[in-house]
Structures are given as structure tokens and as C-alpha cells.
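The structure displayed is predicted, hence computed values, not measured ones. This chain uses plain numbering: 1 for the first residue, then up along the sequence.
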Amino acid sequence: METESEPYVRLASLRQLHQVMADMNTARSLADTLQTVADGVVTALGYELACVNLVRPDGDLVVAAFAGNAAAEALITGRVGSRESWERRLGMGEHWGDLVFIPHTEGWVLDDDDVPQWYTDGPAPRFEDEWHPSDRLFAPMYAPGPPGGSCGELIGVLSVDRPRNGRRPGAWGREALQMYTFQAAIAISNARLRANMQRALVRLEREQQALRASEESFRQAFEYAPSGMAIAEMGGDQHGRILRTNDALCRLLGRPASAMRRYSFSDLVHPEDIGTLLRTSAEGGRAELRLGRRDGTYVWVHLRNSVVADAADGPRFLLTHVEDIEDRKRRELQLAHRASHDALTGLPNSAELRSRLSSRLCRRAGHAGALEPVDAAFGHPAFDSNGHGFDFPSTGVEVYDGYDHHVHTVAPEGEHDDGAKGLAVLFCDLDGFKSINDRFGHNAGDSVLIEVARRLSRGVRDGDTVARLGGDEFVVLADGLGRADAQDLAVRLRNEIIQPIRIDGRAMRVGASFGIGWASCGMTADEVLKSADERMYVEKRSRPKQHRRAG
């Protein structure tokens, strides 16, 4: 600041200082603000050189702006001085309020430190307050502190050099530099804040754009997925309520999206699959179950759930992927049926017969008094490790689930009907079947077996089992019969079988021999079948050969 004789200051200089301060606070960016601060020292405070050293995030100070000498600006702008060196400088010399003045008589010790500097040699001062080229004057800039409190952290240091009047600044010059430094610190802090806000806004906008892009990608993936997709509530009273579905799921179930929002998955699932659904939706995961269509039918689906929470771990939702597996399930059922049923007659085969029979029996195992259900066909226990019964196919009789629920199968005692009921095993062997194969061929024999299977199935009750043991041997399992009932059943079935069978215009007849065995706990399935087989042979041998076919 030019002065004629302090304390007099020209009004034009004050106006110039005021304008420079206003310019600092209207700069468009942090870089512009820093350069305006440096330029203002030269234009308004009467110094030939000015340098703005800005504190970096790591604590060191970088030369961020320079004014007054293009060569010096090119040399030191962007160079860094360590925080340690700067703290040493600010602790030396004479303290003029917040200003630090280091005279040339002391400053020579700083010539070799790492702080970027520009200086020129010159003659020794001729009078006491003359400025020497090696004199240094620093104005620390502090972030604004709380009202009435101390200054905030150091944000930079303003270095000035070579006053135009060639003298060290007096009281008014020092005060003007301090005022300017204070305003510069405010302007730089505000510019930094604006820059941080702008960066935050840019980052937020980018994140929002990315979020919108992600939401749009999810929407398209959800809406146009080739398989069913749904979003459902998780937890609370509305657990499982469907919030949103895609077109593929609506087509699969034959229900419009507006109607789907009135349901929860528990409303749509097959009653037998409710437990599976609850376990899957509670834990997330996968399950295969049946969902109801609008026409009342059910479709097998593979359900895959993912638990979704918002960013604040707020309300949770289930994202459910629904895949149509009806064709696969149908093939699996067909394969299972083929594995357990006779390919020619469609009746349960030998393995299935033994499985059904074993499901009703238990045998002694381990220590005395312990009964262990066993699958005699496959040689493994009929209970799992938790004491629950394996899921054997239904025989129309009570299936047990653990020892406490098992109803022991007991055979009627004695040869006379005492009213006791049991599980009858009727072993049937066809008479005269070999001659049909020999005379008319195996195709005719197959046709006979198919018709016999049909007649046997037609002659028993719902829930009884008719199985083909192999060749021309059949077995009937009929529960809840007394001895007289079983004998009557054998007679009725024999009378059905001996009726003429018409094949390719020919009437063919076969007879049948029945042996009646009784299943009881403590026996294996093979023992029961062997007993019935032996009784069948006794019955066959007891009838004259010529009467076997006519029955």
C-alpha cells in the first residue's frame, strides 16, 4: 500500500484494496481465487512479488499461485515445501502481530531448506528500515474459527517481497497486510468449500445417474425376463404378499398383474407344498413346488428367493425367480413310474411290491424288545436317523411315522375265522399260460397278461395293491381282511380270470391258482411272499390238472 507519510493513506489505495477483496470473494474457482489473492498483493498492497503457499491434504505446502515475476512464477509454481520447514520459518524472526518477518541477518540459515524460494542479491541497507533483498515476510492464513474463538487450522502462507517504496512496512502497512490475509483466508476457505460442494454434487449426480441406469437395467431385466419374476414383502403381517410381477409369471399362471397383487404366494401354492414355501421364504433359497393357475390346475415351478434390504437396512423384500419345470417334473414322474411299475401291464413291479410290503412291517433288531422297521427289498431301515418313516408309496393302509405311530401288523391265528383282521397276501400263478405262448406266440401271451392285470385290478378295492411279480405271477396285498374274506376274494378273482379272453378273434382261457399268506411284524417281505408262494403251490397240487384252468 503506497503511503506518502504514515499514518496517512490515500483514499484511492483503500478503494483499490476494497476492490481486490471483493474480487477474491467472487472468483469462480479455487484456482482463480488463489491467483486473485496473489495478484491483489501486487496491485493493492504495494509489493512487487507475492506467493500463495497452500497446505495440501498431507500437510506439506505447495506453491499454488505467484504474481509479479513471470520467470519466478515458472520456476517455483507447483513446487512443495515440507511442513516441518515451514513451521521452522514461522517460529523464527520478528512477529508483527500474525505476520512473521525474518531479516536477512537471520534468514541465511534458510537458504538450503526445501521451501521453494526466489531472491536476488542487493546492496546492504543504507538506513535502518530499508528493505534488503534477503529479507522475508510471511503472512500465515488460518481457516475462520468459531465466533469469539481462536483461529482455525493453518490453510496456507502468503509470502511477500520487495516493497515498491523500498522500506519495511510500517504500522498501517502491516495492518493492511493482516487484514488482507484474513480476507484471503476466508475467500480461500469459501472457494475450497464451493469446490468440495461442486465435486460432491458432481459425484452425487454421477451416482444418481448410475442408480437410474441400474434401476432401468433391473426394470428391463425384470419385465422382459423369459421366466417368471416377482417381488414380495418379507416379514410382518403382509409377509409374502406380491407387490410386483412380470409378464412371464402372469402368462405362466394365467393371471393379470392387477390380480396377482391381491395374492400372496401362500394363496397360490398347492396345499401340500405350504411347508416347503414357508421354509424357503423365511430363509431365502430354492424349492420346487406347485403354483395354482387361474383355471384351477397346478404347475410345477422352481422357486428361487433372494432377500433384498434397502441401503439403511430398512424394509426387506423377496425377489423371487419362478421357473416352469412342468415338463421336467413330468419326465421325472414318468421315470419314477417306470422304475417302480411293470412296463407291460402298468402294475407295480417286484421292487415296488416289496417296498410297499416292507413299509408295513418291522423286525427285531439291537437289544431285546426293540423293533426296527426295515425295507427288505433294499436292506436299509425304513426309519431315518430322526426316527421318522421314509416316504413309501401308499398301500391304502395306515403308514407309520416313527415307533410311536406304527400299528403292528398281526396275522389272524389258526385256520378258522376268528374275526381277526390282517394284511392278506394273495399269490397268484396262471394255469395254462405257457401253452398260449407256445401255440399263439408271445404277443398273444402279452395280451393275456394285460387282460389278467386289468381283471385283477378291477376285482380289488381301492387302496389294495395288485402287482406283477414276474412272468405269469401276480400278488395282491389287501389289508383289513379276515380269513374268510381273503378266501372269498381269491375265489372272485379266480372266477374273473377264467372268463374267456378274446384276442385276434380267438377266445383264450387261462386258469389261476391262489395261495393266501399273512403278513405280520417280525417277518421280512421275502418271508411273507415265500409263505404265500408255498401255499399257492399247495393249492395248485391239490387240484386235478384238468380242472386247474376251469377253476
Side-chain angles (χ1 to χ4, degrees), residues 341-342 345-361 376-377 393-397 409-418 420-433 448-499 510-521 523-543 547-551:
H341 287 71
D342 177 52
T345 63
L347 296 177
N349 58 19
S350 174
E352 178 68 9
L353 170 67
R354 284 174 166 80
S355 176
R356 295 189 184 188
L357 184 55
S358 297
S359 69
R360 285 297 316 278
L361 303 176
S394 173
T395 63
V397 298
T409 300
V410 179
E413 297 182 358
E415 295 297 328
H416 301 287
D417 193 347
D418 57 358
K421 307 291 184 180
L423 176 59
V425 181
L426 282 67
F427 199 107
C428 171
D429 180 78
L430 298 184
D431 299 327
F433 176 74
V448 169
L449 292 175
I450 292 171
E451 178 60 20
V452 169
R454 187 185 68 81
R455 294 181 181 185
L456 286 172
S457 299
R458 186 178 60 192
V460 299
R461 304 165 302 175
D462 292 340
D464 292 343
T465 294
V466 178
R468 183 185 177 197
L469 194 60
D472 61 349
E473 295 178 334
F474 298 84
V475 174
V476 177
L477 302 182
D479 195 29
L481 299 184
R483 289 190 177 275
D485 297 329
Q487 292 168 358
D488 289 343
L489 176 61
V491 171
R492 290 199 310 272
L493 294 178
R494 181 186 297 115
N495 290 337
E496 285 286 335
I497 292 173
I498 65 176
Q499 299 301 316
V510 291
S513 298
F514 281 86
I516 303 175
W518 296 94
S520 62
C521 287
M523 302 176 66
T524 66
D526 284 336
E527 289 172 346
V528 175
L529 293 174
K530 181 180 179 181
S531 172
D533 186 25
E534 291 173 348
R535 291 177 181 273
M536 182 274 297
Y537 275 107
V538 170
E539 194 270 346
K540 185 186 287 285
R541 288 193 296 268
S542 68
R543 296 165 53 227
H547 297 301
R548 290 175 190 169
R549 185 177 300 181

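Minimum interatomic distance between Ala424 and Leu481 (heavy atoms only, all atoms of both residues): CB-CD1, 4.2 Å. Annotation for Ser513 and Glu539: closest pair CB-OE1, 3.3 Å, computed over non-hydrogen atoms. Residues Leu426 and Ala486 come closest through the heavy atom pair CD2-O, 4.1 Å. Minimum interatomic distance between Cys428 and Ala512 (heavy atoms only, all atoms of both residues): SG-CB, 4.0 Å. Across all non-hydrogen atoms, the minimal contact from Phe427 to Leu529 is CD1-O, 3.9 Å. Ala490 approaches Ile516 most closely through the heavy-atom pair CB-CD1, 4.3 Å.
Here the CZ atom belonging to Arg454 is positioned 12.0 Å from the CG atom belonging to Leu347, to the nearest 0.5 angstrom. In this structure, the separation between OG1 on Thr465 and CG on Asp479 is 10.0 Å, given to the nearest 0.5 Å.
The side chain to side chain contact (heavy atoms under 4.5 Å, CB included) test applied to Asp429 returns Asp431, Asp472, Glu473, Met536, Lys540, not counting sequence neighbours. Residues passing the side chain to side chain donor-acceptor pair (under 3.5 Å) test with Arg492: none are found, sequence neighbours excluded.
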Phe433 vs Val452, side chain to side chain contact (heavy atoms under 4.5 Å, CB included): CA-CA, chis, key distance, verdict: CA-CA 11 Å; Phe433 176 74; Val452 169; over 6 Å; no
Report the C-alpha distance between Ile497 and Phe514 in whole Å, list the side-chain angles of each, state the deciding distance to 0.1 Å, and finish with yes or no for side chain to side chain contact (heavy atoms under 4.5 Å, CB included). CA-CA 11 Å; Ile497 292 173; Phe514 281 86; 4.2 Å; yes
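Salt bridge annotation for Glu527-Lys530: absent, with no cationic side-chain nitrogen under 4.0 angstrom from a carboxylate oxygen. A salt bridge links Arg455 with Glu451; the closest basic N to acidic carboxylate O contact falls under 4.0 Å.
Side-chain contact of Thr345 with Arg468: a donor-acceptor pair under 3.5 Å is absent, judged by distance alone.
Looking only at side-chain heavy atoms (C-beta outward), Leu456 and Glu496 stay at 4.5 Å or farther from each other.
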